[in-house]
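Structure record follows, encoded as structure tokens.
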Amino acid sequence: MAHSVVIIGSGFGGIGMAIRLREAGVRDVVILEKADDLGGTWRDNTYPGAACDVPSHLYSFSFERKTDWTRRFPPQPEILEYLRHCARKYGVLETIRFGTEVTEARFDEDAALWRVSTTTGGLDARVLVSACGQLNRPALPPVEGRETFAGASFHSSRWDHGSDLRGKRVALVGTGASAIQIVPEIAREAAELRLFQRSAPYVIDKPDRPYRAWEKAVLKAVPGAYALSRARIYAMFESRALGFVKYPKLMGLMEKGFRKHLEEQVADPALRGRLVPGYRMGCKRILLSDTYYPALGRPNVDLVTDPIERVTPSGVATAGEHYDADVIVYATGFRSTDFLSPMKIVGRDGRELNEAWRDGAQAHLGITVSGFPNLFLLYGPYTNLGHNSIIYMLESQFRYVLGCVEALRRHGLDWIDVKPDVQDAFTREMRERLRSTVWEAGCKSWYMTADGKVVNNWPGFTFAYRNATRRPDPRHFTVRRATVR
């Protein structure tokens, strides 16, 4: 018996989609999760200092408000517990099949079903939803000798909590969002910390603090207080889109704030000079921290800006020096443009998704892919943000997918498939609009494919995306009417 909907992944996308489907009366929902717990990126990233850089009132579902967040910017354990709470409260937890990794999904056009193969067996689905996200496959640098290192080494998203860093010589490779949270934590306990920087990030003030008891009481007791807080944060963050996607020159105003922040926190002019990025602000992800720069000034911390040439059994070597290390941590990001890899997805006429995406991932509104009926992506191509909460984008996608599922039921359809010309038009529009954004201002970032195409980010306001996804347009799809079997 085929399931109504099968969802791959149990992070914010998978849990939220399942909740919305069940609320809409679609009860036969199964979530496939390769790990032994839910949570996605917030399950995987348990490194010291892991936290969100979007305020808690906005980095949460609009339909499940939490008035007792401990801090303005929530830490990883609290976010993970929030997701567990949502799964329990809305009856989603029992729909998750843990330890079940999808290896292949193949569309059976005659039966109008997705045949899903997993590590624990097969199952069929009328509708298949990928909620794998963009930041789930660790990227390790292609550095010579990486496998020869004799000590402990691991990626930041696979933190080895059995490795005691106290009194150790630690080499940390990378200066992205994870690294700036890790550095202040391990700098306090490591004997030596050497941070290997390929390019300096823009780091600005992070106005974080604990919520006071009276604030939490007001948020809980006063009608509208939480909604007002959420709306205020949303408006503040959304206004930044002007600099990212409309008028990149406005980023100069934010850059002044960055320079002020840097000067206040780094007294050494030589070190300060090595921390100034050589690209336009916003081209890569802007980072938030009040503790990163002070940590770099500690006597046991050394910033290395020479390129790494190789890893040796005893450490890390640049062209001019060898740095001994007991532990190497790779805070080197993720394979963000691979999306559904390494799963094999086969659509109509035997077409493989990897082949369809050989020139870069494409999906209409980041959700539907031509030639792959009844397949829906959450947090797919062109839906990442540089300025606001991805949860807002996900909730827009939930509504769109629900509209498609309802259309299948209401009109008695076997499947719907977005038309290729509709997808092509959307892709052309995205690429044209992205050319004038700050993300294509000359830097190389995780938003890009290897050949330099930005395929991750939405080049506009989030409210514009919500309007575009408010309901599926029947004119955009090829359909097949249900047949008697």
Side-chain angles (χ1 to χ4, degrees), residues 1-9 13-14 16-32 90-92 95 97 102 104-118 122-131 340 345-351 353 356 362-378 380 394-426 466-485:
M1 186 70 176
H3 297 285
S4 297
V5 181
V6 168
I7 300 171
I8 307 171
M17 187 76 256
I19 290 171
R20 284 312 204 193
L21 284 164
R22 288 170 66 84
E23 287 180 336
V26 183
R27 310 299 293 180
D28 184 17
V29 178
V30 174
I31 299 177
L32 304 179
Y90 291 94
V92 167
T95 71
R97 297 185 186 180
V102 175
E104 179 180 290
R106 186 178 292 268
F107 188 67
D108 183 334
E109 191 167 350
D110 291 334
L113 294 174
W114 280 98
R115 311 290 190 184
V116 183
S117 301
T118 79
L123 69 166
D124 298 333
R126 286 206 67 208
V127 170
L128 184 63
V129 178
S130 169
L340 275 69
I345 309 295
V346 182
R348 295 172 65 187
D349 302 320
R351 191 181 190 196
L353 191 61
Q362 299 180 32
H364 179 56
L365 296 170
I367 302 173
T368 57
V369 184
S370 183
F372 297 81
N374 294 0
L375 172 67
F376 303 99
L377 313 183
L378 301 178
L394 283 172
E395 291 200 48
S396 300
Q397 292 161 35
F398 297 163
R399 185 196 305 240
Y400 188 88
V401 175
L402 280 173
C404 292
V405 172
E406 175 60 20
L408 287 168
R409 184 198 63 79
R410 186 189 318 120
H411 300 294
L413 305 177
D414 269 349
W415 49 255
I416 62 174
D417 186 9
V418 69
K419 295 176 180 177
D421 60 320
V422 171
Q423 178 176 298
D424 291 346
F426 176 77
R466 175 150 296 187
N467 185 61
T469 55
R470 191 160 297 279
R471 62 181 62 86
D473 187 336
R475 297 170 299 179
H476 291 168
F477 296 91
T478 299
V479 304
R480 190 177 85 178
R481 300 285 173 185
T483 54
V484 178
R485 297 187 182 86

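Note that the structure is predicted; figures quoted are calculated from it, not measured. In this chain, numbering begins with 1 at the start of the sequence shown.
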Closest approach of G371 to D417 (non-hydrogen atoms, all atoms of both residues): N-OD1, 2.9 Å
Short question: side chain of N374, backbone of I416 - any donor-acceptor pair under 3.5 Å? yes
Donor-acceptor pair, distance only, cut-off 3.5 Å: does the side chain of W415 make one with the backbone of L113? no
With a 4.5 Å limit on heavy-atom distance, are the side chains of T95 and V30 in contact? no
Over all atoms of both residues, closest heavy-atom pair of V401 and V129: CG1-CG2, 4.4 Å
Might you work through the side-chain contact (heavy atoms from CB on, under 4.5 Å) test for W114 and I345, ending with a clear yes or no? CA-CA 10 Å; W114 280 98; I345 309 295; 4.0 Å; yes
Which atom names give the shortest non-hydrogen contact between A131 and G13, and what distance separates them? CB-C, 3.9 Å
If every non-hydrogen atom of V369 is compared with every non-hydrogen atom of Q362, which pair is closest and at what distance? CG2-O, 3.7 Å
Using atom types as modelled and distance alone, determine if a side-chain donor or acceptor of R27 lies under 3.5 Å from a backbone N or O of R22. yes
Measure the CG-OG distance between L32 and S130 for me, rounded to the nearest 0.5 Å. 11.0 Å
Report, as yes or no, whether the 6.0 Å neighbourhood of atom CZ on R470 holds more than 12 heavy atoms from other residues, nucleotides or ligands. yes
Kindly write out the residues that satisfy salt bridge (charged side-chain N to carboxylate O under 4.0 Å, His left out) with E406, not counting sequence neighbours, or none if the list is empty. R409, R410
Dump the intermediate steps for side-chain contact (heavy atoms from CB on, under 4.5 Å) on M17 and L402, then the final yes or no. CA-CA 9 Å; M17 187 76 256; L402 280 173; 4.0 Å; yes
Side chains of V422 and F477, heavy atoms from C-beta outward: is any pair under 4.5 Å? no
Any sub-3.5 Å donor-acceptor pair from D414's side-chain atoms to R480's backbone N or O? no
Could you work out, with ring-ring contact (aromatic ring centres under 6.0 Å, His included) as the rule, every residue matching F426, not counting sequence neighbours? H364
Applying ring-ring contact (aromatic ring centres under 6.0 Å, His included), name anything that partners Y400, two or more places apart in sequence or on another chain. none
Considering all heavy atoms of both residues, which atom of A105 and which atom of L128 are nearest to each other, and what is their separation? CB-CD2, 3.6 Å
Would you please name every residue forming a salt bridge (charged side-chain N to carboxylate O under 4.0 Å, His left out) with R466, sequence neighbours left out? none
Side-chain donor or acceptor of T478 paired with backbone N/O of K419 under 3.5 Å: no
For D28 versus S4, what's the shortest heavy-atom pair and its separation? OD2-N, 3.2 Å
Is the backbone of H411 close enough, under 3.5 Å, to the side chain of R481 for a donor and an acceptor to pair up by distance? yes
side-chain hydrogen bond (donor to acceptor under 3.5 Å, both in side chains) against D108, all qualifying residues, sequence neighbours excluded: R115
Give the intermediate values and the outcome of side-chain contact (heavy atoms from CB on, under 4.5 Å) for residues Q397 and L365. CA-CA 9 Å; Q397 292 161 35; L365 296 170; over 6 Å; no
Go through the structure and list residues passing salt bridge (charged side-chain N to carboxylate O under 4.0 Å, His left out) with D473, not counting sequence neighbours. R475
